[in-house]
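Before any comments, here is the structure.
Atoms within a ligand are numbered from 1 in the order they appear, just like the ligands themselves.
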Amino acid sequence: MTALTGIAADLHTHTLASTHAFSTVAEVCAAAAAAGLAAVAITDHAPALPDAPHAWHFEGDDLPDRCAGVRLLMGAEVNVLDWDGTVDLPARTLAKLDFVIASLHRPCRPPGTRDQHTAAWLAVAGNPLIDCLGHPGQPDFSFDHEAVVLRCRETGTLIEINNHSPVARPGSDENCRAVARCCARHGVPVVVNTDAHWAGQVGDVSLALAMLAEIDFPEALVVNATHARLADWLRRRRGVAL
Ligand SMILES: [Zn+2]
Ligand SMILES: [Zn+2]
């Protein structure tokens with residue numbers, strides 16, 4: 001089995017547009033280039049989170065396709081607002097973006113029951129405009145891993161292995177491992193991201209890699225492990241060229 005040694009692209013990063021993050025788009029791209037990445041996605045928080053930019057942030061066409069020699073993808077981290085999987089950007093905006101992550105964040109949707117969290121993830125995984133379930137290892141939103149992972153297998157939605165979770169969401173370690181094991185068991189692709197809030201964090205997925213190595217996670221299931229694999233996935237899923 002090929003060993004997973006790093007990622008070719010970081011698909012979850014924040015910039016100054018989310019006010020609890022501290023770097024510009026140019027700084028994030030320069031950091032991605034320095035880390036040897038081929039691509040980076042800017043995925044600032046969608047409007048329902050208190051630190052988020054206005055919805056217009058996600059509708060502009062001013063960013064170039066490449067910056068600092070790195071492919072620049074424009075994305076969003078949208079908020080799941082209810083147990084029906086409603087998110088806080090309209091479909092027409094989601095359709096224009098290059099990569100969309102959906103996450104459960106307490107300020108937008110306080111935790112409910114395990115069944116409600118499961119229902120929300122099942123609905124999100126059924127939305128073709130959402131590419132990835134963000135930091136599903138968070139301990140305050142437990143869910144039925146088996147049901148959601150199998151749904152993602154049907155719909156082609158990625159599960160995120162988030163390097164920031166063990167730090168930002170204490171108690172995530174065991175859940176992240178359990179979610180990853182479930183994906184390995186069912187052959188469901190994942191994406192390994194930093195969730196960087198500072199340019200210095202871009203591309204550093206060392207915590208996630210250590211966890212995946214510990215459980216012998218198959219490298220072939222990591223969509224952003226190689227440029228070719230991610231390029232193929234983005235083309236098929238979103239018609240986006242890497
Ligand atoms: Zn998040
Ligand atoms: Zn994030």
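- Formation of a donor-acceptor pair under 3.5 Å by the Thr86 side chain with backbone atoms of Leu81 is not found in this model.
- The atom of His12 nearest to the Zn ion (ligand 2) is NE2, with the search restricted to N, O or S atoms.
- With Thr194 as the partner, the side-chain hydrogen bond (donor to acceptor under 3.5 Å, both in side chains) test is satisfied by one option alone out of Asp10, Asn163, Asn162: Asp10.
- Counting only distance, with no hydrogens or angles, the side chain of Arg153 and the backbone of His186 share a donor-acceptor pair below 3.5 Å.
- For Arg238 and Trp233, the positive end is not near the middle of the six-membered ring at less than 6.0 Å and at most 45° from its axis.
- For the Zn ion (ligand 1), the count of nearby protein N/O/S atoms, taking only those under 2.8 Å, is 3.
- Residues forming a salt bridge (charged side-chain N to carboxylate O under 4.0 Å, His left out) with Arg114 (at least two apart in sequence, or on another chain): none.
- The six-membered or imidazole ring of His135 lies away from that of His164, with a centre-to-centre distance of 6.0 Å or more.
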